[in-house]
Novice: 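Handing you this structure, nothing more for now.
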Amino acid sequence: PYIQDKVGINSVVVRNPQFLQWIKEAAADGCMEVQSLDTETLLKSQVIINHKKRRPATFMKWDQWLGRKIPQYDVDLKDDSFLKSTISYIHTLMQIFIGKYKSLWFMIPFLKQKPPVE
């Protein structure tokens with residue numbers, strides 16, 4: 001239902017009663033708009049989440065190969081889409097580089113074309 005939204009919608013799953021109370025108070029104060037969302041619609045909106053959960057493994061491999069410090073986790077991160085994640089990594093580095101130099105900002109529209117994901 002939010003596919004045509006231009007501003008951006010955030011989905012929040014709240015499991016803590018205190019956080020739920022704070023969200024309700026913020027909505028009552030007019031700081032945010034809150035709408036209930038059924039589980040099926042939420043899950044359909046998260047199709048890219050599996051890719052985003054796997055690609056940190058590839059990002060961290062590249063960072064390690066490039067000599068950057070990487071965090072140590074107590075779980076083994078795996079990525080079965082190494083090539084796609086590598087393309088995403090390069091895309092991310094390009095965004096960071098272009099974002100640092102205002103003279104390159106004219107290139108931003110070209111970067112909005114996301115690399116293909118599953």
Side-chain angles (χ1 to χ4, degrees):
Y2 306 106
I3 196 78
Q4 298 300 322
D5 179 71
K6 300 295 183 200
V7 176
I9 299 290
N10 292 307
S11 301
V12 179
V13 177
V14 181
R15 295 183 179 96
N16 182 303
Q18 181 60 55
F19 289 140
L20 180 59
Q21 182 60 36
W22 288 336
I23 288 174
K24 287 180 179 180
E25 289 173 11
D29 291 345
C31 297
M32 67 172 65
E33 182 180 329
V34 177
Q35 297 175 355
S36 293
L37 186 65
D38 63 275
T39 305
E40 184 178 327
T41 303
L42 177 65
L43 292 175
K44 284 181 182 178
S45 74
Q46 302 299 308
V47 292
I48 198 166
I49 198 70
N50 287 329
H51 175 68
K52 286 188 173 186
K53 283 185 176 185
R54 288 189 310 261
R55 74 181 183 186
T58 299
F59 281 36
M60 287 173 53
K61 282 181 189 173
W62 278 108
D63 282 342
Q64 187 174 22
W65 291 335
L66 293 170
R68 295 183 177 136
K69 289 185 178 183
I70 59 168
Q72 298 298 315
Y73 293 109
D74 58 353
V75 294
D76 188 26
L77 301 176
K78 296 180 181 178
D79 186 357
D80 58 355
S81 300
F82 183 78
L83 180 60
K84 289 179 182 179
S85 294
T86 296
I87 292 168
S88 181
Y89 181 77
I90 292 167
H91 187 258
T92 300
L93 290 179
M94 288 171 51
Q95 288 176 325
I96 292 168
F97 182 80
I98 290 170
K100 287 181 181 180
Y101 302 98
K102 193 169 185 175
S103 62
L104 298 176
W105 288 6
F106 72 92
M107 299 173 73
I108 291 173
F110 300 108
L111 290 177
K112 288 189 176 191
Q113 298 175 353
K114 299 276 183 177
V117 292
E118 299 173 16

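Only heavy atoms go into these numbers, but all of them, side chains included; no hydrogens, no water, no symmetry mates. In what follows, residues are counted from 1 in the order of the sequence shown.
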Novice: Quick one: CG on Asn16 to CG on Leu20, what's the gap to the nearest 0.5 Å?
Specialist: 9.0 Å

Novice: Does a sphere of radius 6.0 Å around CD in Glu40 hold more than 12 heavy atoms from other residues, nucleotides or ligands, not counting ones at 6.0 Å or beyond?
Specialist: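 Atom CD in Glu40 is not packed in, count stays at 12 or less.
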
Novice: Would you say the side-chain atoms of Thr92 pair up with the backbone N or O of Ser88, donor to acceptor, closer than 3.5 Å?
Specialist: yes

Novice: Determine the minimum heavy-atom distance between Ile98 and Leu104, stating which atoms define it.
Specialist: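 Scanning both residues, the minimum pair turns out to be CG2-O, 3.3 Å.
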
Novice: Using side-chain heavy atoms (C-beta onward) and a distance below 4.5 Å, is Thr41 in contact with Asp38?
Specialist: yes

Novice: What's the shortest heavy-atom distance between Asp76 and Lys78, and which atoms?
Specialist: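 Result for this residue pair: OD2-CE, 3.1 Å.
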
Novice: Say whether, by atom type as modelled, one donor and one acceptor occur between the side chain of Asp29 and the main chain of Cys31 under 3.5 angstrom.
Specialist: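 No, because the side chain of Asp29 does not come within donor-acceptor range (under 3.5 Å) of the backbone of Cys31.
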
Novice: Is Phe59 reachable from Leu93 through a run of I, L, V, M, F, W or Y residues, each pair having side-chain heavy atoms under 4.5 Å apart?
Specialist: yes

Novice: Could you tell me the separation between the CG atom of Asp79 and the OG1 atom of Thr58, rounded to the nearest 0.5 Å?
Specialist: 3.0 Å

Novice: So how far is it from Lys61 NZ to Thr86 OG1, rounded to the nearest 0.5 Å?
Specialist: 9.0 Å

Novice: Check the surroundings of atom CD in Glu33: do more than 12 heavy atoms from other residues, nucleotides or ligands lie under 6.0 Å from it?
Specialist: no

Novice: So Phe82 and Trp62, would you call those rings parallel, tilted or perpendicular, with 30° and 60° as cut-offs?
Specialist: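 Parallel, since the angle between the ring planes stays under 30°.
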
Novice: Give a yes or no on whether the backbone of Ser81 and the side-chain of Ser85 come within a donor-acceptor separation of less than 3.5 Å.
Specialist: yes

Novice: Honestly curious: do Ile90 and Ile108 fall in one hydrophobic cluster under the side-chain, below-4.5 Å linking rule?
Specialist: yes

Novice: Tell me whether Met94 shares a hydrophobic cluster with Phe97, the cluster being built from Ile, Leu, Val, Met, Phe, Trp, Tyr side chains joined at under 4.5 Å.
Specialist: yes

Novice: Locate the shortest heavy-atom distance separating Trp105 from Tyr101; write the atom from each residue and the value.
Specialist: CD1-O, 3.2 Å

Novice: Can you give me the closest heavy-atom contact between Ile23 and Met32, atom names plus distance?
Specialist: CG2-SD, 4.0 Å

Novice: Answer whether the closest heavy-atom distance between the side chains of Arg68 and Gln64 falls below 4.5 Å.
Specialist: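 No, too far: nothing below the 4.5 Å cut-off.
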
Novice: One thing to verify: whether Asp80 and Arg54 come together as a salt bridge, which I'm taking to mean a side-chain N less than 4.0 angstrom from a carboxylate O.
Specialist: yes

Novice: I'd like to check Tyr73 versus Leu77 (side-chain heavy atoms, cut-off strictly below 4.5 Å). Are they in contact?
Specialist: yes

Novice: Using side-chain heavy atoms (C-beta onward) and a distance below 4.5 Å, is Val13 in contact with Leu42?
Specialist: yes

Novice: If you count the non-hydrogen atoms of other residues, nucleotides and ligands that lie under 6.0 Å from CH2 in Trp65, is the total more than 12?
Specialist: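 Correct, the count exceeds 12.
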
